[in-house]
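Everything below concerns the one structure shown next.
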Amino acid sequence: MRYGILPFLPLFLAAQAQFSHAENWIWAVWENESVDPLLCAERGFCDPISTYISVIQEKPTREEAKRIIGALTLHSNTRANLKQTKPPPPICKHVDAASVLGFDPELWEMSDRALALRGLEGVYLSVEKMRGPESYGDSFGTDLQAKIQERFDRVGLKVLTEDEMYAHPGQPEMNIYFSNTNPDTGCQFRLYAGVSQTVLLSRNHTVKIKAGTWGMTGGYVKEDPSVDEMRSILIVVDAFLAAWVDANAG
């Protein structure tokens, strides 16, 4: 691991020629250059990566800035160990993920989507208020919730409450979008189930959004009329739990 300290970064000038406007700032910049052991061992990216910490020092006039930079240049030239041996650091946007994380996430290969379920300890899922077919009665949602709870308990995945979900890493949530059969139009019941978690953009780690990490459709099966509304939903839930078990096997 190699560390480098750049006492001051030369001034930045922002100018709008039409208004003859200019402002100056002087920054102190700390640079750390190191090899990320995980990237080196698993991905073969063993080149040193620089990370930076910057702190604003002064907002001088142009003449003051020239005098300060000139004095620092003269001072560094008198010390052999401060002579410039490498290019000055690039000026990165503060949202640049590589400058903060210490590695460029864009260099990682795309992950298998199943990995989004690995290490998942619980999921928020509430269907108690779901309206089922008229023939079932008002207990469709509560009965379905009980069957889902049994299935989650069987594989060891926790059904989170809404409050637990917001406090849980990634805020994992499963939504089931269900529509009943419409006799007037002849449309049969159908559903979509999706699991979403919070994710960061690889190009800008300051952007966090909730995105789907698993999904499946279901509904009426013409070839097997025995698959009613509740069973159809449970088939999708079972498929999710099977995917979770596979992702966490071993």
Side-chain angles (χ1 to χ4, degrees), residues 1-12 25-57 72-73 75-77 79-123 155-158 165-173 194-215 240 242-250:
M1 181 178 293
R2 183 159 64 86
Y3 296 87
I5 296 180
L6 308 177
F8 288 93
L9 184 68
L11 67 158
F12 302 102
W25 298 270
I26 292 181
W27 298 76
V29 177
W30 174 84
E31 178 181 4
N32 165 235
E33 186 179 84
S34 60
V35 175
D36 186 291
L38 182 63
L39 281 176
C40 186
E42 296 189 1
R43 303 290 181 173
F45 300 138
C46 300
D47 294 334
I49 298 174
S50 290
T51 57
Y52 305 94
I53 296 176
S54 59
V55 180
I56 194 166
Q57 296 294 303
L72 287 170
T73 301
H75 177 68
S76 65
N77 287 339
R79 302 177 61 180
N81 63 329
L82 288 182
K83 287 183 179 179
Q84 183 168 307
T85 59
K86 66 191 296 289
I91 307 305
C92 301
K93 296 180 180 179
H94 289 295
V95 299
D96 180 46
S99 66
V100 176
L101 299 176
F103 66 91
D104 187 354
E106 296 282 14
L107 297 178
W108 288 87
E109 298 174 2
M110 293 293 290
S111 298
D112 188 305
R113 291 185 67 86
L115 293 179
L117 303 182
R118 180 176 295 176
L120 194 62
E121 298 177 350
V123 175
V155 301
L157 184 61
K158 185 178 180 181
M165 180 266 292
Y166 283 118
H168 203 76
Q171 299 182 5
E173 178 179 9
V195 175
S196 60
Q197 301 179 67
T198 53
V199 298
L200 302 181
L201 289 182
S202 60
R203 65 176 174 80
N204 180 353
H205 72 288
T206 65
V207 177
K208 182 174 76 171
I209 58 176
K210 206 157 189 179
T213 55
W214 185 91
F240 163 68
W244 178 84
V245 169
D246 286 344
N248 290 277

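In what follows, residues are counted from 1 in the order of the sequence shown.
Here the shortest heavy-atom pairing between Val155 and Trp244 reads O-CZ3, 3.4 Å. When all heavy atoms of Gly212 and Arg113 are compared, the pair lying nearest together is O-NH2, 3.2 Å. Listed here is the closest heavy atom pair of Ser34 and Asn32: OG-OD1, 3.6 Å. Scanning both residues, Val35 and Cys40, for their nearest heavy atoms gives CG1-CB, 4.0 Å. Across every non-hydrogen atom of Leu200 and Lys208, the tightest pair is CD2-CB, 3.6 Å. Scanning all heavy atoms of the two residues, the minimum distance from Gly122 to Pro172 falls at O-CG, 3.1 Å.
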**OP:** Mind running side chain to side chain contact (heavy atoms under 4.5 Å, CB included) on Leu157 and Phe240 for me, showing each step along the way?
**Re:** CA-CA 11 Å; Leu157 184 61; Phe240 163 68; 3.8 Å; yes

Original post:
Step by step, would you call His168 with Glu121 a side chain to side chain contact (heavy atoms under 4.5 Å, CB included)?
Top reply: CA-CA 9 Å; His168 203 76; Glu121 298 177 350; 4.0 Å; yes

**OP:** Check step by step if side chain to side chain contact (heavy atoms under 4.5 Å, CB included) holds for Thr198 and Ile209.
**Re:** CA-CA 5 Å; Thr198 53; Ile209 58 176; over 6 Å; no

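Under the 3.5 Å distance criterion, with hydrogens and angles disregarded, a donor-acceptor pair is assigned to the side chains of Thr213 and Gln197.
With rounding to the nearest 0.5 Å, the separation of CG in Leu120 from CG in Leu115 is 12.5 Å. Distance check: Asp112 CG to Glu109 CD gives 12.0 Å after rounding to the nearest 0.5 Å.
One N or O on the side chain of Arg118 and one on the backbone of Ala247 form a donor-acceptor pair closer than 3.5 Å. Side-chain atoms of Trp25 do not come within 3.5 Å of backbone N or O of Ile56 as any donor-acceptor pair. A donor-acceptor distance shorter than 3.5 angstrom exists from the side chain of Lys210 to the backbone of Gln171, with no hydrogens or angles considered.
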